[in-house]
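To find a chain, count down the sequence lines: A is the first, B the second, and so on, and within it residues start at 1. What you see below is based on every heavy atom in this structure, not just the backbone, and it leaves out hydrogens, waters and symmetry mates.
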Number of protein chains: 2
Amino acid sequence: MLSHFTVDCVIYTFHEAQLKILLTERNEYPYKGWWALPGFFIEKDEEMEDAVKRISYENTGLKDIYLEQLAAFAGVKRHPEGRILTVAYVALVRYENVKNKVKPVTSYMKQAKWYPINNLPDLAFDHREIIQLSVEKLKKRLSYSLAPFELLPEKFTLTQLQQVYEALLGETLDKRNFRKKMNNLGYLKELDEFQTGVSYRAARLYKLDRRKFQKLIE
Amino acid sequence: MLSHFTVDCVIYTFHEAQLKILLTERNEYPYKGWWALPGFFIEKDEEMEDAVKRISYENTGLKDIYLEQLAAFAGVKRHPEGRILTVAYVALVRYENVKNKVKPVTSYMKQAKWYPINNLPDLAFDHREIIQLSVEKLKKRLSYSLAPFELLPEKFTLTQLQQVYEALLGETLDKRNFRKKMNNLGYLKELDEFQTGVSYRAARLYKLDRRKFQKLIE
DNA sequence: ATATAGTGTGTATTTTTTACACTATTAAAT
DNA sequence: ATTTAATAGTGTAAAAAATACACACTATAT
């Protein structure tokens, strides 16, 4: 059969020691005035990933971001006008790079806003469920995933890295054990640079060594 | 936009100490005469999971099987007549329960056959890629997955369980370490029953304790 | 100078993983 | 009755990884 076909995008970033997701306020039937994941109908002859890139470019001003397919949602009742199949993607962006920190108004969208994942508003369609699934997937893969490094700046402190882990795992970790483990993994490069602009002891900066990371997951 | 919408099904079983997948020989354009995953167009108002159940029932005679969504495939060029979006599912069945060990001929399908995953024929569409992805997913999740127990009989020997692990991991495991680990996990029930009909020492049978398994993954 | 806020470090204990080889049991063949 | 063939079943020592835990250091602001 034929079905309407959209992509939706769970765009994550890390800001103010929190994991956040970009949501848009709908300006159209159905769910007018509700918050929803950014998404749109896919064009004829458009690859799904290109549609996702288009959407995340419109909302963050970024190209070449980290993308991962999450799942397809096609419940017959998810849209009042009949089945609309959506393929959900997870995108990870660095907050420092995001261009339009708030998205301009369009006909179908009043505003866009970053929400911490543990403080989301009511959501349109089955978007709550989609987000829930995306968190679980990130969490499961955490131990062998690039995700933390796609959310943080190129140069980050170990405390920031620990905060990303804690946000995804939903629990606090012991600082000494976390650092010991990260050092033993062997894919973090210790830099001779330090944080600036803080009113306390500046933390050392680290970088991901992508070659070593790749080798380790074989 | 509107798109054609199908589901495809990677149906796994464990037989003769091997992991096998059910493939069908196509009797229709395109890829007539090629082997392909069982799949079909989804009906209007049919839930995806119901379509998958329909397909696996037609091919195995089984209802209530273990299902998991794998991913959506929607490459513009995957079908010569234009984009056909497919959502791939993984199904796991017990070989002993499969009713029609070979599927009767239909208009669109010459025959169906179980193929060991490491000895597949050439495949239609992007089905090789779909299978590849399904193996990787099963492998990654193995340590906290019900999959091995959905592929084996209700009562199984530790050697059979080890063979499933080995087939998915693609490597051999040490027998003593494997058994020690399985016992420590604590969700295997040792039965007072033994294999029958073998011409050597009969192995003890075990069962999965689903309650304990559930508790352990929380 | 001192208050503040976050950085950075080591050791002992427990748990998990790994490496490794022989005896036990059964049915079938002689 | 004995032997053969095939697989089941078992323990220990060493290495590696995970856990629990507390205090001194440093940069800035006042």
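Among A:V93, A:V135, A:L22, the one residue that satisfies the side chain to side chain contact (heavy atoms under 4.5 Å, CB included) test with A:Y12 is A:V135.
D:dG9 atom P lies 20 Å from atom NZ of B:K181, rounded to whole Å. Atom pair A:F194:CZ and D:dT26:P shows a separation of 11 Å (rounding to whole Å applied). Distance CE (B:M182) to C1' (C:dT17): 13 Å, rounded to an integer number of Å. Taking atom CZ of A:R204 as the reference point, atom C1' of D:dT26 lies 14 Å away to the nearest angstrom. The separation between A:R176 atom CZ and D:dA17 atom C1' is 17 Å, rounded to whole Å. Between the P atom of C:dG6 and the CG atom of A:L205 lies a distance of 17 Å, rounded to the nearest Å. For the pair B:Q195 CD and C:dA24 P, the interatomic distance rounds to 20 Å; values are reported in whole Å. Rounded to an integer number of Å, the gap from CD of A:Q162 to C1' of C:dT9 is 14 Å.
For the pair B:E154 and B:K207, the salt-bridge criterion is not met [side-chain N within less than 4.0 Å of a carboxylate O]. With salt bridges taken as basic N to acidic carboxylate O contacts below 4.0 Å, one links B:E150 and B:R210.
Taking 4.0 angstrom as the limit, A:T159 places none of its side-chain polar atoms (N or O) nearer than this to OP1 or OP2 of C:dG6. Checking the phosphate oxygens (OP1, OP2) of D:dG9, a side-chain nitrogen or oxygen of B:R179 falls inside 4.0 Å.
Judged by distance alone, with hydrogens and angles left aside, A:K180 brings a side-chain donor or acceptor within reach of the base of D:dT19, the pair sitting under 3.5 Å. Between the side chain of A:R201 and the base of D:dT26 there is no donor-acceptor pair of N/O atoms closer than 3.5 Å. Donor-acceptor pairing under 3.5 Å, judged by distance alone, is absent between the side chain of A:N184 and the base of D:dA17.
In this structure, A:K63 is positioned above the aromatic face of A:Y57, its NZ or CZ under 6.0 Å from the six-membered ring centre and within 45° of the axis.
Taking only side-chain atoms of A:S199, from C-beta outward, the nucleotide of D:dA29, C:dG8, D:dG9 with the closest atom is D:dA29. Closest contact between the side chain of A:D174 and the listed nucleotides D:dC21, D:dA18, C:dA19 involves D:dC21.
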Output a table of donor-acceptor pairs, distance under 3.5 Å, between side-chain atoms of residues 125-132 of chain A and any protein atom two or more places apart or on a different chain; print 'none' if there are none.
from, atom 1, to, atom 2, distance (Å)
A:D126, OD1, A:R78, NE, 3.4
A:D126, OD1, A:R78, NH2, 2.8
A:D126, OD2, A:R78, NE, 2.8
A:H127, ND1, A:L37, N, 2.9
A:R128, NH2, A:P121, O, 3.0
A:Q132, NE2, A:E136, OE2, 2.9

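Place A:Y200 and A:K175 on DNA chain D by their nearest nucleotides, and A:K175 ends up nearer the 5' end.
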